[in-house]
A.B. asks: 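Structure below; questions to follow.
Letters A, B, ... mirror the listed sequences (proteins, then strands); counts begin at 1. These figures come from a predicted structure and were not determined experimentally.
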There are 2 protein chains.
Amino acid sequence: MARRGSYAKGVAKREEILGVALEVIAQDGYRAASVKEIADAVGLSQAGLLHYFSSKEELFVEILRKRDELDQDSLDGSPAELREGFLRVIRHNVSTPGLVELFSRQAAEAADAEHPAHAFFLLRNAALRESLTSALRRVGNDSDGAIAGVDPDTIARMIQAVADGVQLQWLLDPEVDMTGVVDALLGLLIEKSGHE
Amino acid sequence: MARRGSYAKGVAKREEILGVALEVIAQDGYRAASVKEIADAVGLSQAGLLHYFSSKEELFVEILRKRDELDQDSLDGSPAELREGFLRVIRHNVSTPGLVELFSRQAAEAADAEHPAHAFFLLRNAALRESLTSALRRVGNDSDGAIAGVDPDTIARMIQAVADGVQLQWLLDPEVDMTGVVDALLGLLIEKSGHE
DNA sequence: GTCTATATGCTGATAGAC
DNA sequence: GTCTATCAGCATATAGAC
């Protein structure tokens with residue numbers, strides 16, 4: 001129990017760090033996404049923080065993972081709820097530009113198979129596609145979830161691509177209506193699946 | 001003439017550098033996208049290369065601009081040709097992953113309004129949307145280029161988003177069929193505009 | 001115009017005391 | 001577990017010779 005106790009404290013501290021990191025990056029923007037800034041916000045020195053994460057890159061991955069975890073509630077439930085939940089997540093992202101920038105940068109840097117975030121993004125993307133295709137299969141007219149002859153996996157990639165791509169446009173120009181663009185696509189897809 | 005001569009030589013050298021940079025990054029990947037690697041490929045020292053570009057960031061912007069310039073031929077012409085040209089550009093990108101990674105990274109980093117690539121991406125994106133909306137207006141049934149009630153600007157953003165977003169997926173996993181996903185969206189949009 | 005050499009500056013990572 | 005101190009390292013940027 002003593003061993004588990006100290007282990008649990010380490011886990012709790014990690015969680016605390018991730019929570020604070022999420023807040024400070026959301027509030028202060030991507031500039032706050034340095035080890036030192038996060039350490040300051042938590043009330044630790046840089047070295048103190050790196051006691052819990054083996055590297056900056058690992059820290060960033062865990063931040064993104066925690067963020068997904070907090071968003072997960074919105075992505076559970078029925079197909080109709082999935083659409084609304086998906087849009088809710090995007091709407092929420094508007095209030096956290098720093099996290100969106102962190103995500104977008106890491107997504108690009110993760111191209112390298114050796115990058116610490118590479119496996120994370122592969123898994124994350126696959127899980128998201130799975131949620132989407134499963135919803136498509138349950139709601140579509142075609143039993144396999146295809147829409148107008150397009151297979152569900154391609155549809156899922158399309159939805160994810162639009163969401164990720166419009167983020168880049170929005171980071172460049174906050175006037176861009178991220179939710180509107182994604183919702184327009186979802187609307188077109190649903191109409192299409194309903195009418196065929 | 002003497003002045004214009006030396007000026008012209010400077011321009012010519014810049015162009016030469018950009019051409020070589022495009023080649024080396026396309027061939028050797030994003031790792032070749034450092035000032036030193038490019039300088040080596042051109043046959044200059046690092047300092048010699050930076051004589052022509054005030055900073056690394058400016059160099060990168062010019063590389064991306066040059067790339068667009070070379071792709072421009074594919075994006076001229078009629079609406080039908082625009083679709084084919086758009087897909088041709090994406091197909092070509094498959095052979096230049098280093099450039100796609102450079103583009104994606106810069107697109108994310110350009111979020112900061114102070115970043116040298118910020119203005120470039122704003123202009124580039126606007127020009128691309130203009131090409132797309134103009135094609136939509138010429139080809140659509142609705143005189144204003146809307147599709148199923150979605151305004152042409154949103155459609156244009158959607159198309160651009162899917163192209164940028166699927167690149168991230170493809171960088172992560174080269175098995176992903178970038179062209180297929182984008183073409184599927186274009187197909188859905190065209191059907192939709194044709195049937196309504 | 002191009003080079004060599006160096007400054008600069010950050011920031012992530014590590015060693016070792018407490 | 002946390003800190004202070006320090007290293008390491010690189011890649012950009014600049015100065016100055018040729």
A.B. asks: Go through the structure and list residues passing side-chain hydrogen bond (donor to acceptor under 3.5 Å, both in side chains) with A:Ser45, not counting sequence neighbours.
C.D. replies: none
A.B. asks: Verify the distance criterion only: is there a donor paired with an acceptor across the side chains of A:Thr179 and A:Arg91 at less than 3.5 Å?
C.D. replies: no
A.B. asks: Got a sec? Which of residues 30-46 of chain B come in under 4.0 Å of DNA chain C, heavy atoms?
C.D. replies: B:Gly43, B:Leu44, B:Ser45
A.B. asks: Output the rounded distance in Å from CD (A:Glu57) to C1' (C:dT11).
C.D. replies: 12 Å
A.B. asks: Minimum heavy-atom separation for B:Val166 to A:Ala161, with atom names?
C.D. replies: N-CB, 3.5 Å
A.B. asks: Any salt bridge (Lys or Arg N to Asp or Glu O under 4.0 Å) involving residues 172-189 of chain A? Give me the pairs, sequence neighbours left out, ordered by first then second residue.
C.D. replies: A:Arg83-A:Asp183
A.B. asks: Can you name the side-chain hydrogen bond (donor to acceptor under 3.5 Å, both in side chains) partners of A:Arg129, sequence neighbours left out?
C.D. replies: none
A.B. asks: Take the protein atom CZ of A:Phe53 and the nucleotide atom P of C:dT14, then report the distance between them rounded to whole Å.
C.D. replies: 16 Å
A.B. asks: Once you round it to whole Å, what is the distance between C1' of D:dG1 and CD1 of A:Ile17?
C.D. replies: 11 Å
A.B. asks: Return the nearest nucleotide to the side chain of B:Ala47; candidates are D:dT14, D:dG1, C:dG1.
C.D. replies: D:dT14
A.B. asks: Report the distance from atom CG of B:Leu50 to atom P of C:dT2, rounded to the nearest whole Å.
C.D. replies: 13 Å
A.B. asks: Is there a residue in residues 97-105 of chain A whose heavy atoms reach under 4.0 Å of DNA chain D, and which residues are they?
C.D. replies: none
A.B. asks: Specify the separation, in whole Å, of atom CG of A:Leu49 and atom C1' of D:dG1.
C.D. replies: 13 Å
A.B. asks: Could you please name the option among C:dG12, C:dT2, D:dA5 that lies closest to any side-chain atom of A:Lys56?
C.D. replies: C:dG12
A.B. asks: Would you please name every residue forming a side-chain hydrogen bond (donor to acceptor under 3.5 Å, both in side chains) with A:Lys56, sequence neighbours left out?
C.D. replies: none
A.B. asks: Heavy atoms within less than 4.0 Å of DNA chain C: which residues of residues 110-118 of chain A have one? Give them sorted by number.
C.D. replies: none
A.B. asks: Please tabulate, for the side chains in residues 105-114 of chain A, all donor-acceptor contacts under 3.5 angstrom to protein atoms that are two or more places apart in sequence or on a different chain.
C.D. replies:
| unit_1 | atom_1 | unit_2 | atom_2 | d |
| --- | --- | --- | --- | --- |
| A:Arg105 | NE | A:Glu101 | OE2 | 3.2 |
| A:Arg105 | NH2 | A:Glu101 | OE2 | 3.2 |
| A:Asp112 | OD1 | A:Glu114 | N | 2.8 |

A.B. asks: Going by the side-chain hydrogen bond (donor to acceptor under 3.5 Å, both in side chains) test, which pairs reach into residues 149-158 of chain A, not counting sequence neighbours?
C.D. replies: A:Asp151-A:Thr154, A:Arg157-B:Gln169
A.B. asks: Less than 3.5 Å apart, which donor and acceptor atoms pair up between the side chains of residues 16-43 of chain B and the rest of the protein, not counting sequence neighbours?
C.D. replies:
| unit_1 | atom_1 | unit_2 | atom_2 | d |
| --- | --- | --- | --- | --- |
| B:Ser34 | OG | B:Glu37 | N | 3.2 |
| B:Lys36 | NZ | B:Asp40 | OD2 | 2.9 |

A.B. asks: The criterion is side-chain hydrogen bond (donor to acceptor under 3.5 Å, both in side chains); which residues satisfy it with A:Asp68, sequence neighbours excluded?
C.D. replies: A:Arg124
A.B. asks: Only counting residues at least two apart or in another chain, list the ones meeting side chain to side chain contact (heavy atoms under 4.5 Å, CB included) with B:Pro97.
C.D. replies: B:Trp170
